[in-house]
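Okay, structure first, notes after.
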Amino acid sequence: MTTVATTSIPSPVDGPARTYEVRTFGCQMNVHDSERLSGSLEAAGYVAADGAEADIVVINTCAVRENADKKLYGTLGTLAGLKKKHEGMQIAVGGCLAQKDKDVILDRAPWVDVVFGTHNMGALPTLLERARHNDEAQLEILEALDVFPSTLPTKRESTYSGWVSISVGCNNTCTFCIVPSLRGKEKDRRPGDILAEVGALVDDGAVEVTLLGQNVNSYGVEFGDRLAFGKLLRAVGAIPGLERVRFTSPHPASFTDDVIAAMAETPAVMPQLHMPLQSGSDRVLRAMRRSYRSEKFLGIIDRVRAAMPDAAISTDIIVGFPGETEDDFAETLRVVERSRFASAFTFQYSVRPGTPAGEMADQIPKAVVQERFERLTAVQDRISAEENRRQVGRPVEVLVATGEGRKDASTHRLSGRAEDSRLVHFEVPTGAAVPRPGDVVSVRITDAAPFYLLADAVEGPESLYEVRRTRAGDAWDAAQAASCGVPSGGDATRPSSARPARVSLGLPTLRVATTPIYSTTDDLR
């Protein structure tokens, strides 16, 4: 656990330590918030359930996706049955949907014990104890930030990679987005606090960090420095021992050339960029209140690629915004073809109560939105496949991860991210050293699919397989030894023929991605 600051938190009920589970719906900001929630609970004496039925279930919600409330209330319905059988079980709901719906949650699910918002995450242990003591639900929704989330205790689920929040809130007024009303106006952290947190992560063994913000490249607006984000990238990239720096998500309107220069000139900043497009139609962008137009967006893409020819660029796109015509949609396809994105998160627009777009006329019929969505994903899948096939034959350095390859055990491959954030599944040659999560392997790409690259073992001059053991791998070893008694390094040097066909060795895992994390179980991508 990495703790930036401690707070006075009541201890849980006497007796054996109560267990907790945090379930996260939404983006990286939600996942990072969940690390804070876990840290606060452990600082108060609770312990992770680690797959067992928990005494306390915390749901950290999202309000952006169409099925957010359905997913929440479906989960709460299931938990209601468990709670009847589990004496003393408590259920807490926090995050964006809690901030938005407030006491609606208790009306629809009166068996919930605690409802808290985005501005008072640190109050969770106190609210749980108060609900238990008073035997009644606790609702606490603050309208302004209580303490900056990064001052809360944090339980990091990855030993080799971590998120660091540099700002919270957003000053934009996009008509489709409810985030500003839930997260508030942008508040920037002091540079020294950010650098101290990154330094603490590196000291703990991390070799990669991702800087987070709702509009990450507007960092500095609160203290009046338009160039602050580029300066921060350079400063973070200069921290000894840190090998990979990423950030998400920037806004095209405030993306300046000094940031491109900082990316290109700082070796630790990775050649990867997530740049939300939303629409390729200038008319729709204007209706969305996105303060840039397609040509400005394409100009940014061109300048990034001029400075970093091998950069992988991803994006977000909304299909079916109110009033979108076939000509507007054709403009989006034009920009997608021109941009050659490595990947794209594409969304079907749906009404969000409380947003200006939700009250606009000319809402697009679902069938039309679905048809356009399918055309767009077909185009982007083709481009992703073509761009990935261009990587075949290239040597890449892969940061070995846990939880990235769902079929690793059955395919006898390991997985991780290349420097440009592409997912790589690689084969360990027979008899070769097996890397640990956090180690770096050099391999050559042998095949490609739209969503991943393969690097299988081959013989001859094209063969490439080298393992660089890192401090992050050492930290993973130490965590393994502490959590399940596995001798440090006990499995890393065994030949693959002598190892069980498995990848995960029991460490609690968290998918560490560098593009937004969205549900893969619904019909939106």
Q: Any chance you could lay out the side chain to side chain contact (heavy atoms under 4.5 Å, CB included) test for I166 and L212, step after step, and finish with the verdict?
A: CA-CA 6 Å; I166 69 172; L212 290 179; over 6 Å; no

Q: State which residues pass ring-ring contact (aromatic ring centres under 6.0 Å, His included) with Y292; sequence neighbours excluded, sorted by chain then number.
A: H251

Q.
Using a strict threshold of under 4.0 Å (side-chain N to carboxylate O), is an ion pair present between K296 and D282?
A. no

(Q) Regarding R132 and D55, does a basic nitrogen lie under 4.0 Å from an acidic carboxylate oxygen? (A)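 Judged by the 4.0 Å cut-off on N to carboxylate O distance, R132 and D55 do not form a salt bridge.
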
Q: Name all pairs fulfilling the ring pair (Phe, Tyr, Trp, His ring centres under 6.0 Å) condition that reach into residues 293-321, sequence neighbours left out, sorted by first residue then second.
A: F321-Y349

Q.
Give me each pair satisfying ring pair (Phe, Tyr, Trp, His ring centres under 6.0 Å) with a member in residues 223-243, each pair once, sequence neighbours excluded.
A.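 Sorted result for residues 223-243: Y219-F223, F229-F247.
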
Q.
Checking side-chain polar atoms at under 3.5 Å, does S294 have a donor or acceptor matched by the opposite partner on E331?
A. no

Q) Do S254 and N217 get their side chains close enough for a donor-acceptor pair, meaning under 3.5 Å? A) yes

Q: Could you pull out the closest heavy-atom pair between R290 and P252, with the gap in Å?
A: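 Between these two residues, the closest heavy atoms are NH2-CD, 3.8 Å.
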
(Q) Under the rule for salt bridge (charged side-chain N to carboxylate O under 4.0 Å, His left out), what residues qualify as partners of R190, not counting sequence neighbours? (A)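 Testing R190 for salt bridge (charged side-chain N to carboxylate O under 4.0 Å, His left out), a comparison that skips the adjacent residues, returns none.
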
Q | Residues that R283 engages under salt bridge (charged side-chain N to carboxylate O under 4.0 Å, His left out), provided they are two or more places apart | A | D328

Q) Which pairs count as salt bridge (Lys or Arg N to Asp or Glu O under 4.0 Å) when at least one residue sits in residues 264-281, sequence neighbours excluded? A)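 Non-adjacent pairs meeting salt bridge (Lys or Arg N to Asp or Glu O under 4.0 Å): R234-E265.
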
Q | Nearest-0.5 Å distance that lies between atom CZ in R18 and atom CE in M89 | A | 10.0 Å

(Q) Working note: V304 + M308, criterion side chain to side chain contact (heavy atoms under 4.5 Å, CB included); need CA distance, chi angles, decisive distance, verdict. (A) CA-CA 6 Å; V304 168; M308 295 171 286; 3.7 Å; yes

Q | Qualifying residue, where the test is side chain to side chain donor-acceptor pair (under 3.5 Å) with E208 and the options are R246, R417, R244 | A |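 It is R246; the other options fail the test.
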
Q.
Measuring only between side-chain heavy atoms, which start at C-beta, is V236 closer than 4.5 Å to L242?
A. yes

Q.
One pair to check against side chain to side chain contact (heavy atoms under 4.5 Å, CB included): N215 and N171. What are the steps and the verdict?
A. CA-CA 8 Å; N215 184 6; N171 294 339; over 6 Å; no

